[in-house]
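Reviewing the structure listed below.
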Amino acid sequence: MWVGEGLKVEEIHGKGRGLVSSQPLKGGQVVLKDSPILLYSTRPLNPQQQVHSTSALYCDNCFRRIQPASAAIPCPSCSHNNNHHFCSTNCLSVAAASSHSPWVCQSLARLSNYPDLTVHQPLERQVQARYLVAAYNLAIVNPSQFQILMSLQSTHSGDEVASAKAAVFLHSLISTLCPPPTTAQGFAFTLELTSFLLARDRLNAFGLMENIRGERSVRAYGIYPRASLFNHDCLPNACRFDYVDSESGSNTDIIIRMIHDVPQGREICLSYFPVNESYSCRQKRLLEDYGFACDCDRCKVEANWSDSDQEENDGGETDQVEEMDEDQDEDMEAGEEDLHSGDDEAREDFPHAYFFLRYMCNVENCWGTMAPLPPSDGNSSNLLECNVCGNLKNEELLGAEC
């Protein structure tokens, strides 16, 4: 099945569905541009619980930053709640007919005033409640896109007992405070469907990221059906860009660009989180959040390091992890020194160090991934762009350093 430019869907051994290059791809080439079928905010339902280091407001339709904040247009139906704003009358009008329907408005207002959710539950549960309200609203206003959401893959991940308890709590809460309107769209508001939807969210949601004074945060989550087909690799060959604050009418689209050239028939993978994380942290996150253990080339190398560390370490589990991570850092630094000296063998022995040197943003505390700008007139660009902070650097100068 064709998905994007130069991509096709194939069954990948041990992974399920994945995306494979149907032709040679160039670094910087845009292989996919995908629009969300669902967007929902990460803000606490009660605005008094706002803990972000910024007081910035975001439009509840397009999620652009509203500047100045005084220009924000509150939702007339829930202005007393002071938690839903829009950047223009057009965004307010569009949202009122779709993502911020009267039922959504009423539901979020009721949920925000329920202490069992806003006080006694973690912020994650509030975000899940926002997602469920958005998902059930999608079934009402756009049944075809709701069917797409239902068709996405899911897997068992993390603590299934905790996930089941969360589903029971949220379903009971929504059914009591704000049950979805009866519709003829062929779905029943049941605990099974709530659990089903939460599983789709865990595996398929993309965060619309931003970097504020060196701190990464997520302003919203979105479900992108085609982009959700990308599998994970700890040394990805593609990365995604979003330009939420741009003036484009498709500012919530995400764009997948190639990090470097790949031949035809190669699986195209993203990293599901910043590539600088240690082996132990990556494995823990992937198992808890996505339900699998990674055995990519990088993990195979670093797993060997951890095995030798654990054999020599007689301390407890915490000490093992700390020593493993320290030794990994030392090995990476040694590999980077060899890379700077022009040692080709080092590039094979330390592929991750070479990746960090060339494709990780060097802005302090950014940890973004860099990819070339899209080719112009068939010619590859020498400028690399960070997918988090937007920093640009010249690949030719970097090559001279290596």
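When atom types are taken as modelled, the side chain of Ser271 and the backbone of Pro274 share no donor-acceptor pair closer than 3.5 angstrom. Checked by atom type and distance alone, the side chain of Asp245 pairs as donor or acceptor with a backbone atom of Arg65 at under 3.5 Å. With hydrogens and angles disregarded, a donor-acceptor distance shorter than 3.5 Å links the side chain of Ser151 to the backbone of Ile148. Side-chain atoms of Arg219 come within 3.5 Å of backbone atoms of Phe63 as a donor-acceptor pair (strictly under, hydrogens ignored). Without hydrogens or angle criteria, Thr42 side chain to Val218 main chain gives a donor-acceptor distance under 3.5 Å. Counting only distance, with no hydrogens or angles, the side chain of Asp34 and the backbone of Ala227 share a donor-acceptor pair below 3.5 Å. Of the possible donor and acceptor atoms, one in the side chain of Asn304 sits under 3.5 Å from a partner among the backbone N and O of Lys300. Judged by distance alone, the side chain of Asn251 and the main-chain N or O of Ser246 form no donor-acceptor pair under 3.5 Å. Using a distance-only test at 3.5 Å, with no hydrogens or angles considered, no donor-acceptor pair links the side chain of Asp60 to the main chain of Phe86.
A cation-pi arrangement is absent between Arg226 and Tyr224 under the rule of less than 6.0 angstrom and at most 45 degrees off the ring axis.
The aromatic rings of Tyr359 and Tyr354 lie perpendicular to each other, with more than 60° between the two planes, well past the 30° mark. Taking the six-membered ring for Trp and thresholds of 30 and 60 degrees, His100 and His84 have ring planes inclined between 30 and 60 degrees apart.
Minimum interatomic distance between Gln128 and Ala166 (heavy atoms only, all atoms of both residues): OE1-CB, 4.2 Å. Here the shortest heavy-atom pairing between Ala238 and Ile268 reads CB-CG2, 3.7 Å. Considering all non-hydrogen atoms of both residues, Leu152 and Ser228 come closest at CD2-OG, 3.8 Å. When every heavy atom of Cys386 is checked against every heavy atom of Gly368, the shortest pair comes out as SG-CA, 3.8 Å. Smallest separation of non-hydrogen atoms from Arg282 and Cys234: NE-SG, 3.1 Å.
Heavy-atom contacts from other residues, nucleotides or ligands closer than 6.0 Å to OH of Tyr221 number 12 or fewer. Counted within 6.0 Å of NE2 on His13, heavy atoms from surrounding residues, nucleotides or ligands total 12 or fewer; the atom is thus considered open.
Between the side chains of Ser380 and Asn382, no donor-acceptor pair of N or O atoms lies under 3.5 Å. Side chains of Ser35 and Asp253: a donor-acceptor N/O pair is present below 3.5 angstrom, by distance only. Using a 3.5 Å distance cut-off with no hydrogens or angles, the side chains of Asn137 and Ser101 do pair a donor with an acceptor. Side-chain atoms of Glu267 and Asn231 include a donor-acceptor pair closer than 3.5 Å. In the model, Tyr40 has no side-chain atom that pairs as donor or acceptor with a side-chain atom of Ser99 under 3.5 Å. Counting only N and O atoms by type, the side chains of Ser248 and Ser250 include a donor and acceptor under 3.5 Å apart. For the residue pair Arg266/Ser21, the side-chain donor-acceptor check at 3.5 Å is not satisfied.
Close placement of the Phe189 and His171 rings is indicated, their centers lying within 6.0 Å of each other.
A salt bridge links Arg257 to Glu385: one of the charged nitrogens lies within less than 4.0 Å of a carboxylate oxygen.
With respect to Tyr272, the ring pair (Phe, Tyr, Trp, His ring centres under 6.0 Å) criterion is satisfied by exactly one of Tyr290, Phe230, Phe206: Tyr290.
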